[in-house]
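We use all heavy atoms of the structure for the numbers below, so side chains are in, but hydrogens, waters and symmetry mates are not.
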Amino acid sequence: MKDSFFHLLQTEHHIHLNHQQRQAVLHKDGPCLTLAVPGSGKTTSLICRTAHLILNHHIHPSNILSVTFSRASAKDMKKRFYEVFGKVVRQNVYFSTIHRLALRIVSRYAKMNHFEYTIIEGENSPIKKNVLLKKIYQQVNHSFPNEDELENLLSAISFVKNSMIPIKEFVSYDFEVSNFKEIYTHYESYKKKHHLIDFDDMLSLAFKILQKNNQLLSQYRKQYPYIQVDEAQDTSKVQHEIIKLLTSPRNNLFMVADDDQSIYGFRGAYPQALLNFSKTYKDSRVFFLEKNYRSSQEIVTISNTFIQGNTERYFKNMHTDNKDHAPISMVNVQNATDQLNYLLEEINQNRGTIAILYRNNLSAVPLIDTLERNHIPFSMQGFNMSFFKHWLVKDIFAFLDLSLNPYDIASFERIYYKMNGYISKASVAFIKEQPRSISVFDYLVDFPNLKPYQKKNLKRLKEDFHHLAHMKPLAALNFIEENLAYKKYLKSNCQRLKCSYENVLFIFTQLKIIASKTDSIINFMERFNEIQKILYATKNKKENTSIHLSTVHSSKGLEFDHVYLIDLVDGQFPPKSKIDHLDEEESMYLEEERRLFYVGMTRAKKSLSLVVPKFQDGAYMRPSPFLGEVKKCVDACFPQMKDLSYTSKKNTYGKGIASMIKQTNPSVSHPFKIDTFVQHKIFGTGVIKAIDGDIAQIDFKNLGIRGLSLRICIEQNVLSLL
């Protein structure tokens with residue numbers, strides 16, 4: 001019987017399953033965990049197993065429930081099943097997300113009890129979740145949340161629900177939200193009183209309903225004696241508990257997962273459930289799908305070795321019959337501009353599908369600008385539009401608006417305390433009461449009881465904003481940052497908000513890259529708005545193009561001929577950890593980041609390039625620590641591969657495409673040592689804190705630490721000993 005089924009697959013559908021895949025497909029009763037490496041044909045195995053249950057074991061299609069993490073995955077499973085087996089299986093097989101299943105349970109329960117829940121998420125919702133949370137936040141904290149604070153609040157609530165954290169244990173977590181417990185309690189009480197639910201409530205409510213309502217639980221168990229879970233590594237604790245309730249006591253559970261691709265810990269993904277599978281489900285079986293059909297020999301071998309740096313995992317030996325294609329390239333570029341030039345050159349040279357992947361969706365902004373300027377069509381996935389509403393972006397445009405229109409009281413009120421003007425609230429209130437007949441700066445100078453030095457400072461500020469209006473955009477942003485002391489405000493504000501200062505500087509850098517390609521402040525503003533429109537249009541467009549931009553998170557499940565992982569610097573990938581040196585938590589954090597890097601690597605079929613900018617806005621950036629790990633894997637697996645590191649021939653700053661040459665890293669003879677004082681012609685007095693090869697980390701009195709090339713400093717005669 002089984003041989004005839006596999007013969008049918010081969011002759012009718014050209015599906016040739018390997019031994020490991022056949023073992024999984026033949027499994028019928030009892031709990032089973034199938035661990036599938038990237039590109040191992042897990043979806044093919046799952047749909048074949050579904051067909052085998054129906055055709056060979058005569059399980060009615062309506063008695064099989066297949067659930068997965070995302071709507072796209074559920075839709076893809078259903079489409080592929082009916083493309084292959086639609087002629088022989090005519091009844092409906094239920095492929096669903098776990099959220100949709102939970103909503104069915106909740107809605108059925110509500111109908112039984114003669115009431116109805118209102119969902120407060122989605123376009124058609126009469127009540128918007130974000131609006132409600134902003135209102136509650138304002139009531140509790142007496143201020144409205146900015147974009148970062150709202151995002152932290154939304155993430156914290158989702159994490160609590162998915163991780164099943166009781167309120168009494170909130171003290172053990174840093175949710176990075178002021179008075180989180182009080183906000184959460186208000187939010188839950190309001191929803192309960194008005195029969196409102198959000199997407200995460202669907203899960204927690206469904207679990208509670210199944211726990212308390214034996215009648216409903218029995219109905220679902222009878223309806224679905226066979227349950228399959230795809231992408232189980234993305235499943236949260238509450239989702240696992242729902243599945244456990246539904247499958248008991250027969251436990252005919254078939255889970256397909258890859259613990260090495262669990263990358264949604266921030267959403268509450270619970271890979272520990274996979275590691276404890278044999279303890280949770282007695283007499284369970286574990287199968288391995290270890291053959292990769294996607295990638296070249298080099299990519300498979302090095303990725304397989306790289307992920308073994310994690311310890312909390314099942315050991316898997318990913319392998320492939322695919323041939324060698326090209327060594328993994330580690331590409332060193334001078335800065336973000338050179339990175340863009342390098343990518344343009346690669347796009348023009350390569351054929352086939354190309355993915356440019358990044359850890360932080362902000363990396364997409366200059367990419368979009370560059371590709372559109374060069375008339376190169378592209379598609380996008382995973383971009384968060386909150387960049388355009390970020391408080392730093394709003395601040396910068398308030399500075400520029402005020403420089404162009406010194407009567408703009410709204411912009412002035414936003415930034416007056418964020419620069420070196422020492423302007424009081426009383427003076428702002430005074431200006432707001434006056435007619436708009438003279439500029440805000442003239443009103444400031446006329447404010448009563450000002451001391452001479454205060455008037456002098458305000459007159460200087462007026463001149464600064466006058467000059468600002470006539471600057472080139474890039475010079476204007478640098479002037480705001482340094483001369484108007486906005487960078488100093490950034491540091492203190494990031495400390496207050498408990499947000500990443502490195503990430504905020506990265507946002508500023510993306511604005512500077514756009515500014516560098518425009519010739520006036522008006523032109524810069526117009527281009528910024530154009531990019532926003534391009535993004536909206538791209539997000540709503542389903543056009544198939546060979547160029548794909550995506551966060552690594554959103555690329556999971558996809559594959560491309562050529563993959564470029566960009567902005568691979570420490571602090572971006574992995575992001576700077578917020579964990580306070582707790583070894584176990586730090587290790588868990590780095591293991592998830594390493595899994596994410598592994599996901600990015602294994603999207604590639606033919607070639608993989610890892611791109612590292614050396615400098616960001618003039619500051620030296622350390623490479624991602626994962627690059628060192630990859631290099632060790634290369635040395636161990638392919639010792640014959642040499643000269644994998646490349647760099648731009650020269651720093652082009654947008655004046656053409658950089659040609660690529662082998663990195664030589666010439667040694668530099670110099671008199672500089674750690675802890676010695678130096679004088680820089682531009683940056684002033686500083687002390688050398690560290691020297692790493694050619695790069696000296698110098699702490700300048702007014703600028704903070706900057707990474708400078710000693711070779712360049714010596715060649716240009718700009719640095720000397722004091």
Side-chain angles (χ1 to χ4, degrees), residues 143-150 386-434 436 438-447 450 454-497 499 501 503-512 514-515 518 520-522 524-526 528-529 532 617 702-703:
S143 64
F144 283 102
N146 60 38
E147 292 295 322
D148 283 349
E149 290 166 331
L150 180 61
S386 63
F387 163 74
F388 295 96
K389 300 176 183 176
H390 194 276
W391 53 266
L392 179 142
V393 174
K394 290 182 176 179
D395 283 354
I396 294 302
F397 278 89
F399 276 106
L400 298 177
D401 284 335
L402 186 61
S403 73
L404 298 174
N405 177 17
Y407 302 90
D408 186 351
I409 185 63
S411 293
F412 173 74
E413 191 171 13
R414 180 178 181 88
I415 60 171
Y416 76 90
Y417 59 94
K418 302 176 182 180
M419 51 187 171
N420 58 358
Y422 307 102
I423 301 164
S424 66
K425 283 186 179 180
S427 61
V428 176
F430 167 76
I431 294 171
K432 290 175 72 174
E433 293 173 358
Q434 309 305 316
R436 300 289 185 268
I438 59 174
S439 76
V440 293
F441 301 105
D442 290 327
Y443 277 126
L444 281 173
V445 173
D446 290 340
F447 186 66
L450 285 179
Q454 290 175 309
K455 282 198 173 191
K456 182 178 179 181
N457 188 58
L458 291 172
K459 288 179 180 178
R460 176 197 56 78
L461 201 61
K462 178 182 177 181
E463 291 177 3
D464 283 346
F465 272 84
H466 175 74
H467 292 312
L468 182 63
H470 297 86
M471 291 180 181
K472 296 286 186 182
L474 180 57
L477 298 193
N478 288 326
F479 187 84
I480 292 167
E481 182 180 26
E482 301 293 349
N483 296 60
L484 296 180
Y486 183 65
K487 191 172 186 177
K488 183 179 179 181
Y489 165 78
L490 286 181
K491 288 183 179 179
S492 61
N493 199 43
C494 288
Q495 289 175 350
R496 182 181 67 83
L497 295 176
C499 66
Y501 176 61
N503 199 50
V504 167
L505 286 183
F506 193 56
I507 293 173
F508 211 157
T509 299
Q510 309 313 84
L511 288 176
K512 288 180 178 180
I514 300 169
T518 57
S520 71
I521 289 176
I522 294 295
F524 168 59
M525 291 176 163
E526 288 173 344
F528 182 84
N529 290 330
Q532 193 169 180
D617 198 22
N702 298 320
L703 297 176

Only counting residues at least two apart or in another chain, list the ones meeting side chain to side chain donor-acceptor pair (under 3.5 Å) with [X].
{"X": "D464", "result": "R460"}
{"X": "E481", "result": "K512"}
{"X": "S520", "result": "none"}
{"X": "T518", "result": "none"}

Sequence-distant partners of [X], side-chain contact (heavy atoms from CB on, under 4.5 Å), two or more places apart:
{"X": "T509", "value": "I513, Q616, D617"}
{"X": "F388", "value": "F383, M385, F528, I531, Q532, L535"}
{"X": "L404", "value": "A469, I521, I522, M525"}

Between [X] and [Y], which heavy-atom pair has the shortest distance, and what is it?
{"X": "F479", "Y": "L468", "value": "CD2-CD1, 4.0 Å"}
{"X": "A476", "Y": "L400", "value": "CB-CD2, 4.2 Å"}
{"X": "S403", "Y": "P406", "value": "O-CD, 4.4 Å"}
{"X": "F387", "Y": "V393", "value": "O-CG2, 3.3 Å"}

[X] versus [Y]: any side-chain heavy-atom pair under 4.5 Å?
{"X": "N478", "Y": "L474", "answer": "yes"}
{"X": "Y417", "Y": "I423", "answer": "no"}
{"X": "N493", "Y": "V504", "answer": "no"}
{"X": "V428", "Y": "F412", "answer": "yes"}
{"X": "L490", "Y": "F508", "answer": "yes"}
{"X": "E149", "Y": "N146", "answer": "yes"}
{"X": "L392", "Y": "L511", "answer": "yes"}
{"X": "L402", "Y": "F441", "answer": "yes"}

To the closest 0.5 Å, what do you measure between [atom1] ([X]) and [atom2] ([Y])?
{"X": "H390", "Y": "I396", "atom1": "NE2", "atom2": "CD1", "value": "11.5 Å"}
{"X": "Y486", "Y": "M419", "atom1": "OH", "atom2": "CE", "value": "11.5 Å"}
{"X": "L484", "Y": "L461", "atom1": "CG", "atom2": "CG", "value": "6.5 Å"}
{"X": "Y489", "Y": "C494", "atom1": "OH", "atom2": "SG", "value": "8.5 Å"}
{"X": "Y416", "Y": "S411", "atom1": "OH", "atom2": "OG", "value": "14.5 Å"}
{"X": "D148", "Y": "S386", "atom1": "CG", "atom2": "OG", "value": "7.5 Å"}

Can you sort out the partners of [X] under ring pair (Phe, Tyr, Trp, His ring centres under 6.0 Å), two or more places apart, ordered by chain and number?
{"X": "F524", "result": "F397"}
{"X": "Y407", "result": "none"}
{"X": "H466", "result": "H470"}

Next item on the list: Please list all pairs passing the salt bridge (charged side-chain N to carboxylate O under 4.0 Å, His left out) test where one or both residues lie in residues 386-412, with sequence neighbours left out.
Entry: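 Those involving residues 386-412 are D395-R414, D395-K418.
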Next item on the list: Measure the acute angle between the ring planes of F399 and F465, then classify it against the limits of 30° and 60° as parallel, tilted or perpendicular.
Entry: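 Taking F465 first and then F399, their aromatic rings lie parallel (interplane angle under 30°).
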Margin query: Holding to salt bridge (Lys or Arg N to Asp or Glu O under 4.0 Å), I want the full list of residues that pass it with K432, two or more places apart in sequence or in another chain.
Written below: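 K432 satisfies salt bridge (Lys or Arg N to Asp or Glu O under 4.0 Å) with E413 only.
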